[in-house]
Every structure is written in structure tokens, then in C-alpha cells.
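So you know, we letter chains A, B, ... as the sequences are listed, proteins then strands, and number each from 1. As the structure is a prediction and not an experimental result, all values here were calculated from the model.
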Amino acid sequence: MESLNGFKRTSYCGGVRMDDVGKQLSVCGWVQRQRDLGQLIFIDLRDRTGILQLAFDDSTDREIFKKAFSIRAEYVLAVRGTLRERSAKNKDIPTGDVELEVTELRILAEAETPPFEITDQTDVNDTLRLKYRFLDLRRPEMQRAIALRHKVVKTARDYFDENGFFEIETPMLTKSTPEGARDYLVPSRVHPGKFYALPQSPQQYKQLLMLSGFDRYFQIARCFRDEDLRADRQPEFTQIDLEMSFVDTDDVIQINEGFLKTVFKQVLDVEIETPILRMTYAEAMRRYGSDKPDLRFGLELCDISDIVRGCGFKVFAEPVSKGGSVRAINVPGGAQQFPRKQIDALVEFVKTYGAKGLAWMKLGEDGMSSSFAKFMTDDENDAIKGLTGAQKGDLILIVADGNDKTVFSALGALRCECARRLGLLKKDDFKFLWVTEFPMFEYSEEEGRFVAMHHPFTAPMDEDVSMLETDKENCRAKAYDIVLNGTELGGGSIRISTPEMQRTMFRALGFTEEDAEVRFGHLIGAFKYGAPPHGGLAYGLDRLVMLLVGAGSIRDVIAFPKVQNASELMTACPDAVDKKQLDELGIALTNKTEE
RNA sequence: GGCCCAGUAGUUCAGUUGGUUAGAACGCCAGCCUGUCACGCUGGAGGUCGACGGUUCGAGCCCGUUCUGGGUCGCCA
């Protein structure tokens with residue numbers, strides 16, 4: 001093994017071109033591949049910028065040639081040489097016109113054969129990739145994702161700085177608060193039996209910063225939520241978090257449209273049309289069955305409750321009479337695209353969302369077939385066709401339930417599933433949407449009370465203030481989400497900024513005065529000393545980067561992600577700790593502990 | 001906590017109705033090769049079929065349990 005010993009790199013591999021021919025260059029990197037042709041050896045050297053071919057032939061020093069012969073994939077090399085034009089060029093790579101005639105070769109590190117090949121595209125299973133994440137990250141695909149992530153963060157810092165925002169850090173060790181996601185807890189050694197919580201978001205701190213007069217704040221904020229994982233959810237993740245004083249909804253939206261425009265221009269060279277379309281929560285639910293609708297395709301929901309209200313098909317009539325609804329989507333061309341077997345799969349699909357079933361009507365070329373038409377009159381069937389706008393060749397899918405929430409959630413998911421099966425989801429098509437006027441509360445079956453849908457510091461809409469304690473179901477908040485292609489990219493709200501309103505809110509949420517004081521006293525107390533009207537927004541950075549690179553999971557844009565059971569395969573954490581450590585913290589393990 | 005999918009060589013996979021010695025490609029090792037670039041050619045090594053238990057004369061294949069990973073519902077202010 002050799003050392004650098006004064007060796008200085010002059011160039012990255014991927015950047016050299018014909019202009020550099022004749023120059024002495026020094027490069028460093030990993031061996032992608034060694035091709036031994038007998039009296040001629042080629043080595044592809046890889047660094048984060050790309051690949052440069054090293055050439056060894058009869059003009060090469062014999063010792064160097066022998067060394068080149070012994071080199072294997074993933075060895076780390078430092079190489080000096082003269083750049084020359086290739087006699088046989090490779091049109092497929094940027095450096096394909098040139099190669100380095102090697103005059104000095106140092107093997108800085110040998111490498112065992114890796115458990116999987118370091119290639120751009122991979123179909124190696126996730127377990128192996130994550131166990132050897134440091135090797136997986138060598139792949140150009142991952143290098144691009146991580147580099148792009150850096151660029152997004154850099155763009156955010158520049159943009160918010162240029163717009164008068166200060167980047168301010170808030171604590172990682174914070175106070176656990178009720179409401180919302182489960183906290184990660186950190187035991188205190190100095191205060192045995194007491195715990196910090198890792199922040200779910202810097203929410204309260206950033207509000208207090210507004211009160212302190214910083215006026216505009218942002219932070220690239222690490223956040224933690226101890227909940228189950230999904231393709232777009234990790235227990236620790238990063239937000240681009242911001243807050244502004246003396247603003248209302250429109251001001252927050254405007255500054256963020258500028259941000260999104262800048263990011264997409266800088267990172268992808270894509271122009272975003274502004275202003276971005278806005279839609280109320282109520283409209284989003286009614287038309288798309290979702291508060292984060294994917295607008296890359298239609299397949300809108302259609303309420304057919306009035307048609308089937310008195311029909312002879314109990315599956316339809318009963319839910320309507322119980323205050324629910326019957327809604328449909330029309331899938332153009334679906335009659336042929338979805339044979340019976342696929343429809344059966346869709347039936348199973350909606351059941352996972354709590355729907356009891358899925359009714360369908362197929363308007364095929366050779367006549368109509370349906371799971372329900374025989375229970376209804378011709379007029380009723382025709383009315384359904386008319387209202388959904390179905391034509392010959394289409395497929396109507398219908399969900400009925402006594403609870404509207406179930407209908408929306410099943411059909412909202414179904415329209416996305418149909419779009420996926422029809423190939424309507426193009427990754428380079430970016431459809432943004434602001435969803436506004438979210439409900440202030442939602443009913444929690446588990447707790448048997450109304451809880452804050454966004455969070456308890458969200459301001460109600462001015463015209464709904466009187467409904468806070470009288471009509472929780474219909475009370476709307478100054479809360480908004482930014483949605484991109486069916487993914488919630490970020491969310492925010494205008495906050496409550498007076499102690500009176502904050503007290504009213506806690507009362508509406510069922511907190512006693514004492515509860516509110518213990519949990520949120522610092523915030524209510526602070527509001528007494530002059531809080532400016534303020535509001536903000538937080539983006540899921542990981543999700544944003546995921547959509548920018550077209551990845552299917554945020555794991556693909558996080559350097560060291562966790563797997564579904566929240567462990568990390570490379571370091572094998574979480575892990576047991578010494579009894580001594582536990583004793584210091586005053587913690588005793590119960591029989592629930594895993595071995 | 002529930003449901004669905006996957007697990008066979010280093011990797012990605014095939015493996016018929018349960019039947020002799022479990023195959024392929026890539027990778028790896030060795031030899032040959034002066035213009036390759038997914039180099040080529042020849043040869044070779046490499047397997048606890050995730051684990052445990054059961055059924056059977058006989059299990060990669062059937063049954064049960066379990067582990068690991070993925071997706072998802074619940075959950076995620």
C-alpha cells in the first residue's frame with residue numbers, strides 16, 4: 001500500500017475533455033473496472049464526477065504495467081499521467097474522447113470484492129444495500145441524489161437569506177408535549193425519572209422567535225417522530241422550516257411560491273407557473289377524495305347519492321339514508337383496460353381503506369355489464385351514466401358507505417391506483433396545488449374528543465372564530481398545505497398570537513386551565529408580552545428531494561436511512577446498553593424488553 | 001397491532017406433479033489475448049434452498065411456527 005506522500009490531485013475524473021489533451025493531470029478515485037487485453041490494460045477510474053479511462057500499453061513503465069495488472073475493482077488509486085486523445089472513442093460517456101497515459105500509479109488502498117457491484121442502476125435487495133450503505137452510496141445514482149439534496153439545501157439557504165430570513169438553530173433536547181405524534185424521549189441523568197423529547201418540529205421555538213422580534217426565521221431542521229415508517233416517512237427527517245411576522249396566509253404563500261420557483265429552476269431547470277393553483281380542503285375532498293390530490297390526471301369523484309337514494313339496491317340506498325353517500329369515478333377506456341381479474345383486485349384494494357366493496361359498471365363494445373345494474377331501473381342506470389359522463393368503453397367504479405370519510409378515502413386512493421395502472425403518473429410532470437381552509441378540528445375515536453387537525457397553535461379563520469366551541473365540526477383554520485403530485489410537500493398555518501385566543505383554543509380542545517398551563521405555559525405566558533401576528537410553513541426536505549430526483553422512497557435521498565422497524569442496518573441500532581448506563585439514568589428494564 | 005408480497009451460489013433469478021448429483025447469467029479465481037469500454041476466448045471454484053418443527057419411503061417444492069426485508073391500513077398535531 002502506498003501513501004499520498006505529497007501527491008496533489010489536479011483534476012476530477014469526470015471533467016476532463018479534449019481541451020486538456022497534452023496536459024499533465026493527477027486524478028484520484030476508485031476502480032470501476034479493469035480490462036486486461038494482454039499487452040494492453042484499461043482501467044476505468046471513478047470519482048464523484050464521473051469516469052476517466054486510464055491506459056497502460058507498451059509505452060508504459062514495466063513496473064507500472066505489472067501493478068496495473070494486479071488491480072481489482074474498488075481499489076483506491078492516485079494516478080499521474082498525460083492526457084491523450086483516444087484512438088477508439090466512446091460516445092457514451094463525457095470523457096470518452098480522451099484517456100490518461102499513466103506515468104505514475106499509486107495504490108492507496110486495496111479492496112475486497114464488494115458484496116454487490118457498484119453500478120448506476122441496481123436491483124440488489126434493500127437489506128444488502130442498507131447493510132453496506134457506504135458502498136451503495138458509491139453508486140452514481142446515489143451520488144446524484146445526495147448532490148441534488150445539497151443543492152436544494154443550498155438554494156433554500158440562499159433564497160431565504162436574500163429575502164431577509166435569519167437561520168436560527170433551536171434545541172434538539174426539548175419538552176415533550178401532548179397532541180400529535182409520539183415523541184422520542186431522552187432520559188435525563190441530572191434529573192432521574194425526567195425526560196427530554198426530541199423535537200417533532202421546531203414549532204414552539206420558532207413562534208417564540210417571532211415574539212423576540214426576529215421577524216423572519218428559517219432552519220434546516222432535523223425532526224423526530226416515533227411512529228411507523230412508510231416509503232415517504234422516516235422516524236428522523238429534515239424540514240425546511242420557516243416563520244414570518246406581520247403576515248397573513250397570502251404573504252406566506254407568496255414567499256413560498258418564490259422559493260419553489262427558484263428551487264425547480266436552479267435544480268431541474270424547470271419553470272413553475274405561479275401563482276400556484278389553490279383549492280379549499282372541502283373542494284379537494286369533494287372532487288378528489290383527498291386533501292393532497294394528484295392533479296396530473298382527472299378521474300374526479302362524482303356524487304351519485306341523489307340518483308340512488310330510493311333505488312332498489314340496498315347497498316346503495318342504505319348508506320344514503322344513514323347520512324353517508326354513494327360516489328363514483330369514471331375511468332375512460334377502463335372497460336378494456338381492466339378485465340374482470342383486475343377489477344377483483346381493485347375490490348380488494350378499496351377494502352383496505354375500509355370500504356365494504358366496490359360496485360362497477362362496464363360499458364364495453366359488446367354491451368354493458370355491471371355488478372349492480374340488475375337491481376336498479378333502466379332510468380337509474382342511465383342517470384348514473386349521465387352524471388358520471390361515461391361513454392362506451394368506460395368503466396364506472398362506485399363506493400357506498402354510511403360514512404363519507406370512508407367513501408372519500410377509498411375512492412381517493414382508488415383514483416390514484418387506477419392512474420398508476422393506466423400509466424398516467426409521469427415523474428417529470430409537476431402539478432402543484434395549495435390546499436387551504438383545513439378544518440380546525442378532527443374527531444379522534446381513540447380519545448373520544450376533537451383534536452387539532454394541524455396543531456393547537458393554528459389560528460381559526462376570522463369568520464369561524466365564533467364556531468370554535470359551538471361547531472367544531474365545521475370550524476375552519478388558517479392552515480394550508482403545499483401538495484405536489486399527490487404528495488404533501490409541506491404545511492403551515494397562521495398562528496394564534498393572543499393569550500385569549502390561545503386559551504380559548506385549549507379550552508376547545510378539552511384541556512383544563514391547569515393542563516394548558518403545565519404543558520404550554522411558556523407559550524401562553526410569552527404571548528402576554530406582545531406577540532406579532534405570525535405564520536409559517538415547513539417543507540419535508542426529504543420528500544421534496546425525492547420528487548425532484550424521481551425516487552420512489554425518501555430512503556433513496558437520505559444517506560443513512562432506517563428500515564421499516566426503525567432500525568438502521570449498517571450500525572445495527574438501536575442496541576442494548578450497559579447496565580451501568582441505565583443505572584446512572586435511573587432506568588430499570590421490564591420484561592417487555594427484547595433480547 | 002392487522003393485511004399483502006418476497007427470501008435458492010457473492011449478486012439477480014429459474015427450478016415442472018414431491019423423486020438420482022439443485023441450474024443460468026453476471027461476479028470471483030486461473031490461463032490466453034495490443035484498442036477495450038458490460039472487452040473477448042478457455043477452464044475452475046462457489047449452495048445449511050432464511051431458520052426451526054411437521055407430513056412423507058423421499059421436501060427447495062406441501063403444512064405450521066418464526067426471522068429478515070418491502071408495500072400498506074391503523075398511526076403520522
**Prompt:** Should the pair Arg62(A) and Phe65(A) be classed as cation-pi, given the thresholds of under 6.0 Å to the six-membered ring centre and 45° from the axis?
**Reply:** yes
**Fill in**
Per nearest nucleotide of RNA chain B, the residue lying toward the 5' end, Val563(A) or Ser409(A), is Val563(A)
**Prompt:** Leu569(A) or Arg233(A): which one's nearest nucleotide on RNA chain B is closer to the 5' end?
**Reply:** Leu569(A)
[options]: which one has an atom nearest the side-chain heavy atoms of [X]?
X: Leu37(A); options: C37(B), G69(B), U34(B); result: U34(B)
X: Glu227(A); options: U72(B), C75(B), C37(B); result: C75(B)
X: Thr113(A); options: G27(B), G71(B), U68(B); result: G27(B)
X: Thr127(A); options: G10(B), C39(B), U68(B); result: U68(B)
X: Phe69(A); options: U34(B), G31(B), C29(B); result: G31(B)
X: Asp228(A); options: G71(B), G74(B), G35(B); result: G74(B)
X: Arg230(A); options: G74(B), G69(B), G27(B); result: G74(B)
X: Leu128(A); options: U11(B), C29(B), C76(B); result: U11(B)
X: Phe42(A); options: C26(B), G35(B), C39(B); result: G35(B)

**Message:** Among residues 410-419 of chain A, which ones have heavy-atom contacts with RNA chain B below 4.0 Å?
**Reply:** none
**Selection: residues 340-355 of chain A, any non-hydrogen atom under 4.0 Å of RNA chain B** = Thr352(A), Tyr353(A)
**Message:** So, under a plain 3.5 Å distance rule, would you say the side chain of Glu117(A) forms a donor-acceptor pair with the base of G10(B)?
**Reply:** no
**Request:** Would you state whether a donor and an acceptor, one from the side chain of Arg86(A) and one from the base of U36(B), lie under 3.5 Å apart?
**Result:** yes
**Atom pair distance, as rounded to whole Å: CG in Asp36(A) and P in A38(B)** = 17 Å
**Request:** To the nearest Å, give me how far apart CG (Asn90(A)) and C1' (C39(B)) are.
**Result:** 12 Å
**P gap between G18(B) and C61(B), integer Å** = 11 Å
Just N and O in the side chain of [X]: are any of them under 4.0 Å from OP1 or OP2 of [N]?
X: Arg33(A); N: C26(B); result: no
X: Asn125(A); N: G70(B); result: no
X: Arg129(A); N: G69(B); result: no

**Message:** Distance check, rounded to the nearest 0.5 Å: Lys175(A) atom NZ versus Phe520(A) atom CZ?
**Reply:** 9.5 Å
**Prompt:** With distance as the sole criterion, is a donor-acceptor pair present between the side chains of Arg495(A) and Ser493(A) under 3.5 Å?
**Reply:** yes
**Message:** Restricting to side chain to side chain contact (heavy atoms under 4.5 Å, CB included), what partner residues turn up for Ser87(A), sequence neighbours left out?
**Reply:** none
